[in-house]
**Q** 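Okay, handing you the structure first.
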Amino acid sequence: MSCPAAQKTHYAHPFDDDKLKEECGVFGVVGISDAANFVALGLHALQHRGQEAGGIVAHDAATGFNSAHRFGYVRDNFTKSSLMETLPGDVAIGHVRYSTAGSKGAVIRDIQPFFGEFSMGGCAVAHNGNLTNADALRRELIERGAIFQSSSDSECIIHLMARSIQRKHADRIADALRRVEGAFSIVAMTRTKLIGVRDPLGVRPLVLGKLGEHGYVLSSETCALDIIGADFVREIDPGEMVVIQDGHIESSRPFGPSTGRFCIFEHVYFSRPDSMIGGRSVYETRRAIGVELAREAPVEADLVCPVPDSGTPAAIGYSQESGIPFALGITRNQYMGRTFIEPTEQIRNMGVRLKLNVNKSLIRGKRVVLVDDSVVRGTTSRKIKDMILDAGAKSVHFRIASPPTAWPCFYGVDTPNRDKLLAAQMTEEEMRDWVGVDSLKFISLDGLYRAVGEAEGRDNSCPQYCDACFSGEYPITPSDQLEKGFEMKAAE
């Protein structure tokens with residue numbers, strides 16, 4: 001995880017404020033000279049999973065453990081030879097993170113990977129996910145003498161490892177993770193080993209790749225394997241731990257048998273479209289979502305336009321199924337960074353126009369279907385609708401490639417409180433009126449399941465995915481949130 005709720009502030013840009021954000025990505029390499037350089041490339045491919053900061057830890061037989069933690073993009077920090085020369089060795093791990101963009105409370109010590117020196121040697125840990133009992137664990141550990149250096153829930157893992165009586169790093173990691181609740185995909189390293197672990201439900205992703213004759217890679221997504229020329233081997237299973245050393249892989253199940261509940265929103269938005277999940281292209285899944293959406297929510301229109309960039313594959317599928325022509329009616333300014341200047345209130349109020357612009361000659365006089373991946377607060381949807389109407393559109397119909405987001409995620413996603421989620425406060429008809437469009441339709445939960453490959457839809461008795469942000473059914477009890485007064489959905 002990246003940053004506790006107490007540090008969260010508003011995004012500097014309203015377009016980013018209305019999107020759910022994956023809070024981190026992890027990457028590790030072992031068995032390759034200058035492993036940190038490969039990690040830097042992998043983190044660059046995972047930049048979409050976290051854009052606030054990044055860190056790398058490497059080990060070299062001569063110089064020991066070395067680390068670098070920086071704010072900002074990977075390309076602005078870990079491409080400098082002067083920095084990368086300080087990270088020698090044939091084993092390294094890295095992490096990219098969000099807390100919340102523009103957070104004023106973020107400090108360098110919150111940036112992962114975290115490092116601990118143990119009796120059997122040092123170990124660094126990078127964590128994608130969120131521990132739902134971190135507050136209780138932190139209180140317990142502090143009462144027993146632990147001194148925390150960061151505000152991250154992930155640091156609990158290092159302290160729990162320190163208290164284990166096991167003699168091997170991997171066993172200490174397993175001991176620590178048996179105490180935690182929540183979602184975690186862990187990439188860890190010792191002087192000679194690369195270790196990967198997924199929580200028993202496999203909520204967050206983790207894949208294994210092979211690089212050259214003796215090198216191995218662990219990554220949040222397959223697209224990061226591609227950038228370094230590694231071959232995809234397989235996904236790490238839910239509840240599995242792999243320990244890689246000297247070209248050998250040892251697999252174990254420290255949490256016993258488990259059934260996966262992978263985050264379905266990885267298919268919808270978080271993962272890059274050129275990644276593979278469960279042997280299937282993310283792009284193809286998103287196109288299939290558009291096909292299902294066209295079947296469930298047809299409309300008479302002249303153009304199907306995506307809201308860039310995440311709505312594009314679904315818009316293509318909607319166009320193909322409906323027969324309505326696809327068009328790029330909105331252009332995204334690719335050079336609009338997250339740290340764009342905010343000189344005046346007038347400039348800030350331009351909002352989405354700083355990032356998106358409408359092709360007026362294409363839109364004028366047309367009935368337009370706008371396809372987006374999700375509606376969170378709805379503020380961006382209203383602004384985009386205004387832009388389309390200002391360009392002379394005859395009518396505007398929103399089609400959303402996910403069900404209504406009515407519940408917050410506590411498993412490693414930066415989600416607003418429930419009272420800020422539009423779908424938690426309004427019906428679909430009320431949302432349509434509030435956004436101010438001619439029609440607004442979301443894909444059904446069953447339709448989403450069919451699009452990701454579940455032909456019979458959602459198994460309500462035992463859901464195949466974690467879909468808590470849509471259904472309110474949390475597969476892992478959010479203990480800390482309940483303590484703070486969060487009210488879960490009543491059992492039906």
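The figures here come from the full heavy-atom set of this structure, side chains too, leaving out hydrogens, waters and symmetry mates. Sequence positions, counted from 1, serve as the residue numbers for this chain.
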**Q** Is it true that Ser479 and Asn133 share a donor-acceptor pair across their side chains at a distance under 3.5 Å?
**A** no

**Q** Quick check against the 3.5 Å criterion: does Asn128 have a side-chain atom that pairs as donor or acceptor with the backbone of Gly25?
**A**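 Absent.
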
**Q** Can you tell me how far CD1 of Ile236 sits from CD1 of Ile186, rounded to the nearest 0.5 angstrom?
**A**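 Rounded to the nearest 0.5 Å, the CD1-CD1 separation comes to 13.0 Å.
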
**Q** At what distance, to the nearest 0.5 angstrom, does NE2 of His127 lie from NE2 of His95?
**A** 8.0 Å

**Q** Between Arg272 and Glu221, is the closest basic N to carboxylate O distance under 4.0 Å?
**A**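 No, this pair does not count.
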
**Q** Hey, could you give me the CD/CG distance between Gln481 and Asn417, rounded to the nearest 0.5 Å?
**A** 8.0 Å

**Q** When rounded to the nearest 0.5 angstrom, what distance separates CD1 in Ile277 from SG in Cys263?
**A** 8.5 Å

**Q** Take Asp237 and Arg198 through the side-chain contact (heavy atoms from CB on, under 4.5 Å) test and state the conclusion after the steps.
**A** CA-CA 7 Å; Asp237 290 334; Arg198 285 182 80 188; 5.9 Å; no

**Q** Do Ser402 and Asp373 touch side chain to side chain, with heavy atoms closer than 4.5 Å?
**A**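 Side-chain contact under 4.5 Å: no.
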
**Q** Any chance you could lay out the side-chain contact (heavy atoms from CB on, under 4.5 Å) test for Asn357 and Ile330, step after step, and finish with the verdict?
**A** CA-CA 6 Å; Asn357 193 42; Ile330 303 174; over 6 Å; no

**Q** Looking at Asp302 and Arg367, does any basic side-chain N land under 4.0 Å from a carboxylate oxygen?
**A**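 A salt bridge is present here (some side-chain N lies under 4.0 Å from a carboxylate O).
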
**Q** Checking Ser251 against Glu240 for the side-chain contact (heavy atoms from CB on, under 4.5 Å) test, could you report, in this order, the C-alpha distance in whole Å, the side-chain angles of both residues, the deciding distance, and whether it holds?
**A** CA-CA 7 Å; Ser251 173; Glu240 181 183 14; 2.6 Å; yes

**Q** Between Ala314 and Ala401, which heavy-atom pair has the shortest distance, and what is it?
**A** CB-CB, 3.8 Å

**Q** Can a donor-acceptor pair be found, under 3.5 Å and without considering hydrogens, that links the side chain of Glu483 to the backbone of Asp480?
**A** no

**Q** Strictly by modelled atom types, are Glu181 and Thr477 linked by a side-chain donor-acceptor pair under 3.5 Å?
**A** no

**Q** For a ring-ring contact (aromatic ring centres under 6.0 Å, His included) check, start with the C-alpha distance between Tyr73 and His44, then their side-chain angles and the critical distance, and finish with the verdict.
**A** CA-CA 8 Å; Tyr73 291 119; His44 178 73; 9.1 Å; no

**Q** State, with a plain yes or no, whether a side-chain heavy atom of Thr415 is found less than 4.5 Å away from one of Cys409.
**A** yes

**Q** Could you tell me whether a side-chain N or O of Ser185 sits under 3.5 Å from a main-chain N or O of Arg204, the two making a donor and an acceptor?
**A**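 Yes; judged by distance alone, with no hydrogens or angles, the pair exists.
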
**Q** Within a strict 4.5 Å, meaning less than it, do heavy atoms of the Pro408 and Tyr474 side chains meet?
**A** yes

**Q** What heavy-atom pair brings Gly50 and Val96 nearest, and what distance separates the two atoms?
**A**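 Here Gly50 and Val96 meet closest at O-CB, 3.4 Å.
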
**Q** Any side-chain heavy atom of Tyr216 sitting closer than 4.5 Å to one from Val29?
**A** no

**Q** I would like to know whether Leu46 and Val26 meet side-chain contact (heavy atoms from CB on, under 4.5 Å); could you show each step before the answer?
**A** CA-CA 8 Å; Leu46 297 174; Val26 293; over 6 Å; no

**Q** Taking atom types as modelled, find out whether Arg97 and Gln51 have a side-chain donor-acceptor pair closer than 3.5 angstrom.
**A**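 Gln51 and Arg97 do not have a side-chain donor-acceptor pair below 3.5 Å.
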
**Q** How close do Arg432 and Leu440 get, counting heavy atoms only, and between which atoms?
**A**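 Arg432 and Leu440 have their closest heavy atoms at N-CD2, 3.6 Å.
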
**Q** Looking at every heavy atom in both Ile363 and Cys305, which two are closest together, and how far apart are they?
**A** CD1-SG, 4.1 Å

**Q** Just by distance, do the side chain of Gln464 and the backbone of Asp459 share a donor-acceptor pair under 3.5 Å?
**A**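 Pair found, side chain donor or acceptor close to backbone of Asp459.
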
**Q** Do Arg286 and Tyr283 form a cation-pi contact, if we require the NZ or CZ to be under 6.0 Å from the six-membered ring centre and within 45 degrees of the ring's axis?
**A**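 So Arg286 doesn't make the cation-pi contact.
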
**Q** Where the side chain of Ser275 meets the backbone of Cys223, is there a donor-acceptor pair that is under 3.5 Å apart?
**A**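 Yes.
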
**Q** Identify the residue among Leu137, Asp199, Thr132 that makes a side chain to side chain contact (heavy atoms under 4.5 Å, CB included) with Val180.
**A** Leu137

**Q** State, yes or no, whether a side-chain contact exists between Val187 and Leu194 at a heavy-atom distance under 4.5 Å.
**A** yes

**Q** Heavy-atom distance under 4.5 Å between the side chains of Phe398 and Asp438, does that happen here?
**A** no

**Q** Walk me through it: do Phe470 and Phe265 pass the test ring-ring contact (aromatic ring centres under 6.0 Å, His included)?
**A** CA-CA 10 Å; Phe470 307 131; Phe265 214 79; 5.8 Å; yes

**Q** Are Val242 and Leu218 close enough that some pair of their side-chain heavy atoms sits under 4.5 Å apart?
**A**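 With C-beta onward as the side chain, the pair touches.
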
**Q** Determine whether Gln320 and Arg287 satisfy the following criterion, side chain to side chain donor-acceptor pair (under 3.5 Å), listing intermediate values before the conclusion.
**A** CA-CA 9 Å; Gln320 291 171 340; Arg287 190 197 67 81; 2.8 Å; yes

**Q** For Phe270 and His48, I'd like to know if the aromatic rings sit close, meaning centre-to-centre distance below 6.0 Å.
**A**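 Ring-ring flag for Phe270/His48: false, centres at least 6.0 Å apart.
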
**Q** Going through the checks in order, is the side chain to side chain donor-acceptor pair (under 3.5 Å) test met by Asp467 and Tyr449?
**A** CA-CA 10 Å; Asp467 55 26; Tyr449 270 75; 2.7 Å; yes

**Q** Determine, for Arg458 against Glu473, whether the closest basic-nitrogen to carboxylate-oxygen distance falls under 4.0 angstrom.
**A** yes

**Q** Is it true that Glu487 and Arg418 make a salt bridge, defined as a side-chain N closer than 4.0 Å to a carboxylate O?
**A**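 So Glu487 does not pair with Arg418 through a salt bridge.
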
**Q** Report the residue from Lys441, Arg399, Arg450 that forms a salt bridge (Lys or Arg N to Asp or Glu O under 4.0 Å) with Glu296.
**A** Arg450

**Q** Can Asp446 and Ser444 be counted as having a side-chain donor-acceptor contact under 3.5 angstrom?
**A**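 Per modelled atom types, Asp446 and Ser444 side chains form no pair under 3.5 Å.
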
**Q** Can you check ring-ring contact (aromatic ring centres under 6.0 Å, His included) on Phe486 and Phe410, steps first, answer last?
**A** CA-CA 11 Å; Phe486 175 73; Phe410 303 121; 5.0 Å; yes

**Q** Which heavy atom of Val39 sits nearest a heavy atom of Ala92, and at what distance?
**A**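 So the two residues come closest at CG2-O, 3.5 Å.
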
**Q** Quick one: CG on Asp372 to OH on Tyr269, what's the gap to the nearest 0.5 Å?
**A**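 That separation rounds to 9.0 Å.
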
**Q** Quick one: does any side-chain atom of Ser219 pair with a main-chain N or O of Phe27 as donor and acceptor, under 3.5 Å?
**A** no

**Q** Quick one: pull up CD in Glu429 and OG in Ser439 and give me the separation to the nearest 0.5 Å.
**A**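 Answer for the CD-OG pair, Glu429 versus Ser439, is 11.5 Å.
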
**Q** Do you know which two heavy atoms are closest between Gly279 and Glu235, and how far apart they sit?
**A**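 Reported closest heavy-atom pair: N-OE2, 4.5 Å.
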
**Q** Test your reading of the model: is there a side-chain donor-acceptor pair from Lys385 to the backbone of Val435, 3.5 Å cut-off?
**A** yes

**Q** In terms of side-chain geometry, is the basic nitrogen of Asp135 or Lys484 positioned less than 4.0 Å from the acidic oxygen of its partner?
**A** yes

**Q** Has Lys489 got a side-chain atom pairing as donor or acceptor with Ser471's backbone, closer than 3.5 angstrom?
**A** yes

**Q** Please check if the side chain of Asn77 supplies one atom and the backbone of Phe71 the other of a donor-acceptor pair under 3.5 Å.
**A**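 Yes, because the side chain of Asn77 sits within donor-acceptor range (under 3.5 Å) of the backbone of Phe71.
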
**Q** For Tyr318, is there any backbone N or O sitting under 3.5 Å from a side-chain donor or acceptor partner on Ser322?
**A** yes

**Q** Any side-chain heavy atom of Ile157 within less than 4.5 Å of one from Leu177?
**A** yes

